[in-house]
Amino acid sequence: MDVSNLLAAQASKFQSVTVEKDTPLDVDAGFLTVTDHNPIDEDSYRSNLEEYLKSTARDGIQALVAALYVLPTESSVDGSFAKLPPPTTQLPRAKPLPKPKPLTKWEKFAAAKGIQKKRRDKKIWDEEKQEWVNRWGRDGKNKEKEDQWIHEVKANADVDFDPAQEARNERKSRVAKNERQRLQNLARAQAAQSEREQRKEELEKTLAATRTSTASMGKFDKKLEGDKKIRGVKRKFDPTEVSAEKEKQASLAVLSQLDGDAKRAKIEKGTGDDVVNVRKAIRAVSKGKGGVALGREVSKRSKDSGKSKRGKR
Amino acid sequence: MLRTVKPKNARSKRALEAREPKEVEDQRKAIFVHGMKTGEAVDKLMKELMALKQPHAISFSQKNAIRPFEDASSLEFWAHKNDASMFVIGQSTKKRPAGIVIARTFDSKLLDMCELGVERFVSLSEFKTPKSTPGHKPMLHFASELFDTHPRYMQLKSLLMDLFNGEVIDSICLPGLEHVISITVAPSKASQTSSALSDGTTHEDSKNLPNVHLRTYTVKLTPSGVRVPRVQLTEMGPFVDFSLRRHQEADPDMLKAALKRPKLKKQDIEKGLGKKKKNLEVDEMGDLRGRIHVAKQDLNKLQTRKMKGLKEKSGEGDGDVSMSTDESEVEDASPPKRQKRG
């Protein structure tokens, strides 16, 4: 049986899907764009403009469709979705890149220590009620102690000691502490962010210094338009007569600012890593005995190990 | 300079957050501005370009005394106010009849502009052919080597791509590709050689720049016997012939800032280019709805109302045995189905 006839019939039924051009077409599948770099065929352009434009567009789109149909697809109800590669053409952005948010103190610490963020559920299991209750908020678990009907009170407690009130105060202080820390983080972020403001302040200071740096302290200088009068710091004088208590306090405040040997050493030890509080860390590691005791212990251990090594030899 | 607004409620806060810069940006919103006088052709052209750009288009249909090449401050103001970053300005003057200006902004500051004169315009309504669905993404076709060599045409290509397709998407529905916008540069005019074209960027030379043909077609995909279908095009309109007029190049520093790419992690790219939150949508009532995948439900195992009359006869066995026969029935029932499908 000769199948060549059949094949020919089949081939004639379907037209070809390949596009042949002198310069291959430049397809950017990510932006669904195809660029044809071939020179224009001027004869056909002049003889039949619309027909020519349509045929070049058809060839280009055929190449683009061919590129799109070989991409990996995902089927859905509406038809198959082709996964597009990232585009190769660079188009300018409409807005600048988002700035990274400044880290909070805890986030900095957690990053330094490699602590992973754990998501806390809003609900917590209550064994007594046998149901999920809010961790905080309405009927929150954190108000459990305030709401319970009986409290354990130490024998030596005051007569007017109110355990429910005490629990409430404790909770309120925790909330206040959190809020304080949040504000501190905000202030820290703002100080770090406003570089422009800092620079402005610096410039203004320099300008003020130059304006008073003539022999007449700027008194006979030519005034420029928009120049403002420099406002200096108003001097304030303390009263000459103060109580002995106040005088003592002032002197002690000065003294406390002077760095003693011990304090200086402490500061030097503390520097180098502003993320981890070294003093706190030492206390934790030495279990409250202090750095000196820890050092003694470590040296003792190393000596012991050294001795044993020698012994083995 | 607009004052920075501090949100007073959650809704306005969300609206402001949506305007903040994103790593992977959405499509540019375009404002279609009418100048003091437009003329019929430009008016219609603007309408039809806007129909192609929908739903990311805003119409400023009132008369605006605007000269973008002399003072771009109102463009910048509108860009900030409407959170839009693209402009199509239609204007017809005695000196420059029937012109449109395509402008683009970066960070609410004007980036670049290109003025095009409308030489010939055939409206969409003059073709009695099927039209594409509004909101569908077009395929773009550029035909000329000038789009990669000549700065004016490179800018035009970039502007048109940004206007019609400038959004990074991770996937596209293939049957949803319905129309094509084809842009072809006419052969260079007889008086000019190709060498003069490459350095001809001054104002006088813009007269010698060859015209640009913008054509819009709908696509019909017919089976071809292989996986890739054969493409057939039908005229859809609008058909426009543009001539190139004035332009404004992008400031190099600004362009450099605009071309900065975010550093995306490989995992993010695999997940969908920094766009998280899949399968979440807000319904008509404004509720956030999540979609989860559940396997097909087996209705044979569904427990319906128990009735004495439906109980299987005790002669076949007791309750436990009847359960097991149920299961076996299910298993028996499924294979013939598969055979039918195959």
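Lettering follows sequence order; numbering is per chain, from 1.
Between B/His141 and the options A/Leu53, A/Ile61, A/Leu64, A/Leu32, a side chain to side chain contact (heavy atoms under 4.5 Å, CB included) holds for only A/Ile61.
Interface residue B/Phe106: backbone and side-chain heavy atoms are both found under 4.5 Å from chain A. For B/Ala257, no part lies under 4.5 angstrom from a heavy atom of chain A. Proximity to chain A (any heavy atom under 4.5 Å) is restricted, for B/Val226, to the side chain, taken from C-beta onward. Within the 4.5 angstrom heavy-atom criterion, only side-chain atoms of B/Thr184, from C-beta onward, approach chain A. If you measure heavy-atom distances from A/Leu25 to chain B, you find no contacts under 4.5 Å at all. Only the backbone of B/Pro138 comes within contact range of chain A, judged by heavy atoms closer than 4.5 Å. For a residue to count as touching a neighbouring chain, one of its non-hydrogen atoms must lie under 4.5 Å from one of that chain's; by this rule B/Leu221 touches chain A with the side chain only. Heavy atoms closer than 4.5 Å to chain A are found nowhere in B/Ala250, neither backbone nor side chain. Residue contact with chain A, scored on non-hydrogen atoms closer than 4.5 Å, involves the side chain of B/Arg104 exclusively. B/Ser182 touches chain A through its side chain: at least one heavy atom from C-beta onward sits under 4.5 Å away, while N, CA, C and O do not. Using a 4.5 Å cut-off between heavy atoms, A/Phe31 contacts chain B through both its backbone and its side chain. Looking at A/Thr23, there are no atoms closer than 4.5 Å to chain B (heavy atoms on both sides), in backbone or side chain. Residue contact with chain B, scored on non-hydrogen atoms closer than 4.5 Å, involves the backbone and the side chain of A/Gln90 alike. Contact annotation for A/Leu91: both backbone and side-chain heavy atoms come within less than 4.5 Å of a heavy atom of chain B. Interface residue B/Leu111: only side-chain heavy atoms are found under 4.5 Å from chain A. Heavy atoms closer than 4.5 Å to chain A are found in the side chain of B/Leu177, but not in its backbone. In this structure, the portion of B/Phe239 lying under 4.5 Å from any heavy atom of chain A is its side chain and not its backbone. At a 4.5 Å heavy-atom cutoff, the contact between A/Thr89 and chain B is made by side-chain atoms alone.
Using a 4.0 Å cut-off between charged nitrogen and carboxylate oxygen, A/Glu51 and B/Arg215 do not count as a salt-bridge pair.
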- Could you please spell out the steps behind the side-chain contact (heavy atoms from CB on, under 4.5 Å) verdict for A/Val34 and B/Leu140? CA-CA 6 Å; A/Val34 59; B/Leu140 293 182; over 6 Å; no
- Task: Would you sort out whether B/Ser171 and A/Leu84 count as a side-chain contact (heavy atoms from CB on, under 4.5 Å), showing the intermediate values?
- Result: CA-CA 5 Å; B/Ser171 64; A/Leu84 294 177; 5.6 Å; no
- Query: Hey, mind stepping through B/Met139 and A/Thr33 against side-chain contact (heavy atoms from CB on, under 4.5 Å) and telling me if it holds?
  - Reply: CA-CA 6 Å; B/Met139 291 185 276; A/Thr33 302; over 6 Å; no
- Message: What verdict does the side-chain contact (heavy atoms from CB on, under 4.5 Å) test give for A/Glu50 and B/Glu235, after you've listed the backbone C-alpha separation in whole Å, the side-chain angles of each residue and the deciding distance to 0.1 Å?
- Response: CA-CA 10 Å; A/Glu50 293 305 329; B/Glu235 292 84 355; 5.7 Å; no
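A donor-acceptor contact shorter than 3.5 Å links the side chain of B/Arg227 to the backbone of A/Tyr69. Checked by atom type and distance alone, the side chain of B/Asp107 never pairs as donor or acceptor with a backbone atom of A/Lys95 at under 3.5 Å.
Residues A/Ile40 and B/Ala186 share a closest heavy-atom pair of CD1-C, 3.7 Å. Nearest heavy atom pair, residue B/Val231 against residue A/Arg58, reads O-NH1, 2.8 Å. Of all heavy-atom pairs spanning A/Arg93 and B/Lys260, the tightest one is CD-O, 3.3 Å. Nearest heavy-atom pair across B/Pro21 and A/Pro98 is O-CB, 3.7 Å.
A donor and an acceptor atom, one from each side chain of A/Thr35 and B/Lys157, are located under 3.5 Å apart.
A 4.5 Å side-chain heavy-atom check between B/Val228 and A/Gln62 finds at least one atom pair inside the cut-off. A heavy-atom distance below 4.5 Å is found between the side chains of A/Pro87 and B/Val168. Looking only at side-chain heavy atoms (C-beta outward), A/Pro39 and B/Pro187 stay at 4.5 Å or farther from each other.
Note: B/His213 and A/Tyr52 fail the aromatic proximity criterion, with ring centroids not under 6.0 Å apart.
Ranked by heavy-atom pairs shorter than 4.5 Å toward chain B, the options A/Ala66, A/Gly79, A/Ala57, A/Gly60 are led by A/Ala57. Taking chain B as the reference chain and counting heavy-atom pairs below 4.5 Å, the highest number among A/Lys54, A/Arg46, A/Glu74 is found for A/Lys54.
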